[in-house]
Amino acid sequence: MLELDILRDKREEVIAGLKKRGVGKDILEAVDTAVVLDEKRKTLQKQMDDQLAQINNISKEIGSLFGRAKAGDEDAREKAEEAKKKVADFKALVSKVESEHQEVKAKISELLYDIPNVPHHSVPAGAGEDDNEVYQDAAKALPELGEGAKPHWELGEEYKLFNFEWGTKLTGSGFPVYTGKGAALERALISFFLSEATMAGYLEVMPPLMVNEDTARGTGQLPDKEAQMYHVEKDNFYLIPTAEVPITNIYRDVIVTEEDLPIKLTGYTPCFRREAGSYGADVKGLNRVHQFDKVEIVQLSHPEESYEQLKGMLKQVEGLLIKLGLPYRILRLCGGDMGFTSALTFDFEVYSPGQKRWLEVSSVSNFETFQSNRMKIRYKNGKGKPTLVHTLNGSALALPRIMAALLEMNQTENGITIPEVLVPFTGFDIIRKN
RNA sequence: GGUGAGGUGGGUGAGUGGCUUAAACCACCGGUUUGCUAAACCGGCGUACGGGGAAACCCGUACCGCGGGUUCGAAUCCCGCCCUCACCGCCA
């Protein structure tokens with residue numbers, strides 16, 4: 001949620017930024033409407049506060065009048081009764097202003113919830129993924145695996161690494177069961193990613209996999225992305241679509257000390273996504289599933305340092321891909337392809353030689369104050385004034401597509417070789433048939 | 001799931017309808033004193049929104065788990081919910 005001050009004081013920048021996202025006219029209008037309503041809100045609050053102050057003063061008088069009346073002062077008793085009537089009049093006025101005030105406040109926050117984050121100045125305008133900018137292409141020479149290169153779903157079957165039928169039987173499509181060395185490799189990748197993150201100074205946390213409504217609202221999954229989450233109705237809990245949700249919300253309504261920044265957290269969790277409306281090659285094999293494993297990195301940063309921290313996170317993710325020996329490229333997302341809450345997002349894609357296509361494996365974003373404003377995550381600046389932090393997060397990394405690319409890249413006549421960095425975590429260096 | 005006790009500022013904790021403008025202590029910050037450190041003493045010490053001001057700051061309103069209600073007036077009384085603790089039941 002954007003801050004109202006920004007909508008008012010930097011209106012032109014906000015409008016220009018939102019246009020890069022290609023938002024509709026209604027959203028652009030919401031910017032001005034919110035500012036106008038906020039002026040109305042201030043007027044109403046002044047009225048309300050003044051009236052309440054009157055009531056408070058009269059009530060105090062009544063208190064002392066009653067004291068005198070008890071001592072036998074009949075005159076005071078009469079005065080007290082008169083004062084009561086005066087309060088009743090004020091209360092009638094107040095309740096009218098108060099409900100109007102509430103109404104205006106509710107309208108303002110409705111409008112604010114509908115306005116997406118303003119893109120960073122470096123974000124290119126664009127409608128969708130075709131307009132994303134290749135920021136860095138490390139895959140100079142794409143691997144040639146010859147005619148025999150198989151996609152990971154064939155390898156998975158051949159080497160018995162995962163079983164989609166079992167998952168379909170147990171739950172439904174998109175819930176794979178990992179088996180044997182496939183399960184072991186999955187586990188090893190999780191350990192490897194966590195180990196790299198903690199060595200880079202991130203504190204490991206294992207959060208709950210279900211969250212309440214306030215938490216889902218904090219990081220922006222509610223109200224606009226409700227349909228993407230699984231909902232446990234009986235308890236009104238949501239299955240997390242990413243560890244970002246519980247991990248960032250740990251600091252909801254917290255004022256941290258400036259010296260504690262940046263706060264760096266990492267966590268492994270399964271992620272649950274309903275992802276309605278996909279089909280075809282997109283959902284084949286491990287390309288897109290409803291439940292998958294991911295290691296997430298999260299930072300709460302000083303506003304002046306957040307873009308420096310973002311670079312550090314890119315380096316972190318890049319390091320993982322280099323160590324795994326996977327060809328990758330980095331995209332700077334255009335306005336139309338960026339998430340609702342993000343100011344700047346870089347996507348990492350690895351090359352899948354068996355499918356001859358790029359697969360997204362990480363998304364690293366700076367949300368600036370968009371999330372922290374909703375969550376009220378603040379630090380005290382030099383003057384002791386609470387100030388919103390910047391929040392950032394990134395996948396480091398999402399497992400299924402890494403698994404897919406890894407298997408496809410390392411297939412040989414003798415079996416699937418394991419990258420050297422993973423061997424301490426797997427305990428084996430090659431996967432052979434049976 | 002049952003029964004009981006609770007939820008007050010950063011922490012401990014007093015307050016059962018108006019002398020509360022939420023006491024006191026601890027922690028923290030500033031000052032005085034002082035070979036140094038410490039102690040002692042004095043002062044300050046929450047959040048949000050609004051009004052005034054160039055600013056320091058001043059003023060108003062709201063906030064004692066959350067939401068309603070009673071009352072001229074609620075941390076205090078009433079109702080609902082959430083959470084914590086203890087014991088019982090169930091259980092990996």
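In what follows, chains are A, B, ... by sequence order, proteins preceding strands, each numbered from 1. Hydrogens, waters and symmetry mates play no part in the numbers below; they use all other heavy atoms, side chains included.
In this structure, Glu39(A) pairs ionically with Lys42(A), as a charged nitrogen and a carboxylate oxygen lie closer than 4.0 Å.
Distance check, rounded to the nearest 0.5 Å: NZ of Lys86(A) to CD of Glu61(A) gives 6.5 Å.
Checked against G50(B), U61(B), A48(B), the side chain of Gln45(A) finds its nearest nucleotide in G50(B). Here the side chain of Pro386(A) is nearest to one of C72(B), U61(B), U47(B), namely U47(B). Distance from the side chain of Lys46(A) is smallest to G50(B) among U61(B), G50(B), C72(B).
For Lys380(A) and U47(B), the shortest distance from a side-chain N or O to OP1 or OP2 is below 4.0 Å. A close approach under 4.0 Å does not occur between any side-chain nitrogen or oxygen of Asn56(A) and OP1 or OP2 of G73(B). The side chain of Arg378(A) places no N or O atom within less than 4.0 Å of a non-bridging phosphate oxygen (OP1 or OP2) of U47(B). At C49(B), none of the side-chain N or O atoms of Arg41(A) fall inside 4.0 Å of OP1 or OP2 (strictly under the cut-off). At G73(B), one or more side-chain N or O atoms of Lys91(A) fall inside 4.0 Å of OP1 or OP2 (strictly under the cut-off).
For Glu157(A), the CD atom sits in a loose shell: 12 or fewer heavy atoms of surrounding residues, nucleotides or ligands are nearer than 6.0 Å.
Summarising the base pairing, C36(B) is matched to no nucleotide, lacking a Watson-Crick or G-U wobble pair whose two defining distances lie under 3.5 Å. Remark: C66(B) base-pairs with G80(B). Criterion, Watson-Crick or G-U wobble with two distances under 3.5 Å. Remark: G1(B) base-pairs with C88(B). Criterion, Watson-Crick or G-U wobble with two distances under 3.5 Å. Pairing for A23(B) is absent, judged as Watson-Crick or G-U wobble with the two contacts each under 3.5 Å. Base pairing of G9(B): no nucleotide in any strand meets the Watson-Crick or G-U wobble criterion (both distances under 3.5 Å). Of the nucleotides present, G31(B) is the one that pairs with C41(B) by Watson-Crick or G-U wobble criteria, both distances under 3.5 Å. Of all nucleotides present, only C72(B) satisfies the Watson-Crick or G-U wobble test against G18(B), with each distance under 3.5 Å.
For Pro424(A), there are no side chain to side chain contact (heavy atoms under 4.5 Å, CB included) partners two or more places apart in sequence or in a different chain.
On the P atoms, A38(B) is 43 Å away from U76(B), given to the nearest whole Å. Nucleotides G44(B) and G65(B) have their C1' atoms positioned 29 Å apart, rounded to a whole Å. On the C1' atoms, C63(B) is 26 Å away from G53(B), given to the nearest whole Å. The separation of U8(B) from C66(B), taken at their C1' atoms, amounts to 15 Å, rounded to a whole angstrom. Comparing the P positions of U34(B) and C28(B) gives a spacing of 24 Å, expressed to the nearest Å. The gap from the C1' atom of G7(B) to that of U12(B) amounts to 15 Å, rounded to the nearest Å. Comparing G10(B) with U47(B), their P atoms sit 8 Å apart, to the nearest whole Å. Rounded to a whole angstrom, the distance from the P atom of C41(B) to that of A55(B) is 39 Å.
Between His290(A) and Phe175(A), the angle of the ring planes lies from 30° to 60°, which puts this pair in the tilted group. Note: Tyr238(A) and His231(A) have parallel aromatic rings, judged against thresholds of 30 and 60 degrees for the angle between ring planes.
In this structure, Asn57(A) atom CG and G18(B) atom P are separated by 19 Å, rounded to whole Å. The CZ atom of Arg8(A) sits 11 Å away from the P atom of C49(B) (whole-angstrom rounding). Atom P of nucleotide G51(B) and atom NZ of Lys42(A) are separated by 5 Å, given to the nearest angstrom. As rounded to whole Å, 10 Å separates atom C1' of A56(B) from atom NZ of Lys383(A). Between Ile58(A) atom CD1 and U71(B) atom C1' there is a gap of 15 Å when expressed in whole angstrom units. Taking atom NZ on Lys385(A) and atom C1' on C49(B), their separation rounds to 12 Å, with Å as the unit. Summarising the geometry, the separation between CD on Glu3(A) and P on C49(B) is reported as 10 Å, rounded to the nearest angstrom. Atom OH of Tyr379(A) is separated from atom C1' of U47(B) by 17 Å (rounded to the nearest Å).
Each of Gly63(A) and Thr43(A) lies near RNA chain B, and the nucleotide nearest Gly63(A) is the one positioned closer to the 5' end.
Across all strands, Ala83(A) comes closer than 4.0 Å to no nucleic acid atom at all (heavy-atom distances).
The side-chain tip of Lys294(A) does not point at the ring of Tyr268(A) from less than 6.0 angstrom away and within 45° of straight on.
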